[in-house]
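Read through the structure below, which is laid out as structure tokens, and then see the notes.
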Amino acid sequence: MRYTNGFFPTLKEIPQEAEIASHQLMIRAGYIQKLSSGLYTYLPLGLRVIQKVQNIIREELGRCGAIELLMPILQPREIWERSGRYTLMGELMMKCKNREQKEFILAPTHEEIVTDIVSRRVNSYKQLPLNFYQIQTKFRDELRPRFGVVRAKEFIMKDGYSFDADQEGADKTYLDMYKAYERIFKRCGLKAVPVRADTGVMGGNESHEFMVLAASGEDGIAICKGCGYAANTELAERIPASREGGKEMPGAMSEVHTPELRSVDELAAFFKTDPHKFIKTMIYTAGGDPVAVLCRGDVDINEVKLKRALNTQDVALADPVTIERATGAPVGFAGPVGLKIRMIADLSIHGITNAVTGANKKDTHVVNVNMPRDFKAPEFADIGVVKAGDECVKCQGTLDVQRGVEVGQVFKLGTKYSITLDATYLDKNGEKKPAVMGCYGIGVSRTVAAIIEQNNDENGIVWPMAIAPYEVAVLPISMKDEALVSAAMGLYNALQKLGIEAVIDDREESAGIKFKDADLIGFPVKVILGPKSFKEGNVEIKMRKDGKSTIVPCEEAALKVRDLVNQEKLYV
RNA sequence: CGGAGCGUAGCGCAGCUUGGUAGCGCACACCCUUGGGGUGGGUGGGGUCGGUGGUUCAAAUCCACUCGCUCCGACCA
């Protein structure tokens, strides 16, 4: 590509709307253009990168026998009602009507459709297993799109769905996909870690997310330094780190006047003690009934875990009226002592001596509270948010908590959709059985952002060779020097013939501008033709990654570049 | 939806408190200059000041409403 024929709209300044590196760089380097919140155009450079990721996905999925198809984005409402997900998805799903007032949705995912295909076209165990995938635009009416293409309303996703005759087959497919994902992300130049994950509205029984570690990530990941256990903080099991110092003798429980003091921080300052001496008591409603949820003052409640512990999705902090009715006190003064409603406690309150907690009386707390002397031991469960320093349940090692961007997720779905949508087959004995399903997603556009998040420096993007929109930039420094320009063109043509993806910067611009733009866009290799070295018949080959450069005779440059490019690409 | 902030030229911003001819830098066009890290100089074009309504002799500036965008939270195949 000649630079003057292409479209490389770079920006010198950081766009005001972009917060994180990948978003800023994608805009500045001319990869994306925002149309509206959460809606982006992939400019030619951006599209090339997307296609690179897609091709890696196609190759790796093809290797495990997955087959590509393409399903409609616009889907009738009824099929979503049949699966029960029309209301479950709620506002997340884009809805619209056609001229006949028939209702449609824009697909956020495709389980319903793919299952429908199987229900219509698959009858026998002889046709199984099947593993379909597509790469396509998805719509989700996000409450808050953010970070550019990391969380957009319209985004590109690879979604795959497998159908096996039995659980054993489904487990094997799951493992195949898991391994394929590891290869895909590795080839994308990403350090992605698989972590155990919640299944959310997808349902199913087992799931892993592939997380790219990045400070700007939206998800928390707990990782055990000892055994490698890794899980999304939504469900990461942990043993809360002990905060007890020396042994204390239980003191006499007594009430203390604490006017207008509600938060643990305020109270800790008032009592001149640490947050871990408090038993925090929050009143929730679960399935309509009030429940007191207890945890140590330095711990937060994880509502995903709480829902699981209470075995209901309908869990929320109670409103002030409910709290007053349940505890006899306004918000901020609840405690376990004398409380009549159901209580569930996080493991962290085990072994607290002489705790401070609410007295269930306005402007009053009690001190020197001890369990079970002062209140009956409640139900216990791991319902706290995991924190760095907590213990691993597998090996008692220490857990670390990091941030990550979720680039992929794999689910074992079981038979949830095959039963409701009738994806059944006849087995050897003529018996009708539901297919055992799995589903597998990769956020393609988000993966591109994640790659940039992990591969950039102060000058711009540093693409892994396999993902770069072009592998090489040929930079003639002086456009006045005809011999130099024609040598640059010759080199560019030679690279093309060798199958190398190259751009020649044929603009009448100064050297500085060409260097800055090339580095911002992120070409892995620069071939620089400067007047001085060119006079001696030499050109410079400079790597974006580490800035290392080599001087080679002009006529050897093309082959040398090809070797460098191929060497970088063949690392998997 | 709760909290915070921002909308002035393609981009980044100043001007608003205290109302009085709309500015700066970059980018863009042309000329000269320069040619190894956003070269220097000159000339020039480009703005319904997000929108609507109000106050006023006069509104980018004050008031009300509204739309859009961003961040924190809630939410999240």
Side-chain angles (χ1 to χ4, degrees), chain A residues 9-20 23-24 27-28 30 33-39 80 83 85 88-94 105-112 136 138-148 150-153 155 157-161 197-204 207 209 216 218-219 232 234 300 303-304 313 316-317 406-411 413 417 439-443 446 458-460 475-481 484-485 505 507-520 526 528-534 539-540 542 547 549 551:
Chain A
T10 57
L11 257 32
K12 192 183 270 185
E13 288 178 278
I14 298 172
Q16 167 253 58
E17 71 191 49
E19 205 75 9
I20 64 171
H23 190 193
Q24 292 175 352
I27 296 171
R28 280 188 60 209
Q33 174 65 50
K34 184 171 77 178
L35 174 63
S36 174
S37 181
L39 301 175
W80 284 80
S83 72
R85 288 209 298 182
L88 195 60
M89 285 282 179
E91 299 296 307
L92 195 65
M93 200 146 67
M94 292 288 298
I105 61 98
L106 292 178
T109 174
H110 278 75
E111 281 79 11
E112 280 73 4
Q136 198 209 34
K138 294 278 185 286
F139 293 85
R140 292 173 58 189
D141 194 7
E142 292 287 347
L143 284 175
R144 182 143 96 81
R146 58 181 130 179
F147 301 147
V150 170
R151 180 165 296 277
K153 292 189 187 219
F155 59 101
M157 176 166 151
K158 185 290 292 186
D159 47 325
Y161 310 90
D198 188 48
T199 50
V201 295
M202 297 300 302
S207 178
E209 288 167 335
S216 57
E218 295 181 281
D219 292 285
N232 192 303
E234 283 179 355
D300 293 311
E303 292 189 9
V304 176
Q313 284 298 303
L317 273 171
E406 179 198 339
V407 288
Q409 188 164 11
V410 291
F411 297 86
L413 288 180
Y417 296 95
C439 83
Y440 320 94
I442 293 177
R446 174 185 282 189
E458 66 280 3
N459 290 316
L475 307 181
I477 290 311
S478 170
M479 296 302 285
K480 294 268 189 291
D481 184 336
L484 185 151
V485 170
D505 193 342
R507 292 176 297 172
E508 293 279 351
E509 291 288 359
S510 69
I513 286 182
K514 291 187 179 186
F515 287 133
K516 288 290 182 190
D517 276 337
D519 287 349
L520 178 59
K526 290 190 288 283
I528 304 159
L529 292 90
K532 278 180 209 132
S533 52
F534 181 70
V539 303
E540 178 184 354
K542 193 165 187 179
S549 75
I551 309 290

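On a predicted model such as this, the values are computed, not experimentally measured, just so you know. Here is how names work: the chains are called A, B, and so on, in the same order as the sequence lines, proteins then strands, and each is numbered from 1. For the numbers below, each heavy atom of this structure counts, side chains included, while hydrogens, waters and symmetry mates do not.
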Gap in Å between the two [atom1] atoms, one belonging to [N] and one to [M], rounded:
| N | M | atom1 | value |
| --- | --- | --- | --- |
| B:rG50 | B:rU43 | C1' | 33 Å |
| B:rU70 | B:rC28 | C1' | 28 Å |
| B:rA59 | B:rC49 | C1' | 11 Å |

Checklist line | Counterpart base for B:rG2, defined by Watson-Crick or G-U wobble contacts under 3.5 Å | finding: B:rC72

Checklist line | Identified pairing partner of B:rG23, criterion: Watson-Crick or G-U wobble below 3.5 Å | finding: B:rC13

Using a heavy-atom cut-off of under 4.0 Å over every strand shown, decide if [X] touches base, sugar-phosphate, or nothing.
| X | value |
| --- | --- |
| A:Glu509 | base |
| A:Glu91 | nothing |
| A:Asp519 | base |
| A:Leu92 | nothing |
| A:Lys480 | base |
| A:Arg28 | base |
| A:Ser533 | base |
| A:Lys158 | nothing |
| A:Asp159 | nothing |
| A:Leu475 | nothing |
| A:Glu303 | sugar-phosphate |

Checklist line | Nucleotide nearest A:Ala511 when distance is taken to its side chain, options B:rG38, B:rG36, B:rC72 | finding: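 Closest nucleotide to the A:Ala511 side chain: B:rG36.
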
Note to self: If you only use heavy atoms from C-beta on, which nucleotide in B:rG12, B:rU70, B:rG38 is closest to the side chain of A:Pro15?
What the structure shows: B:rG12

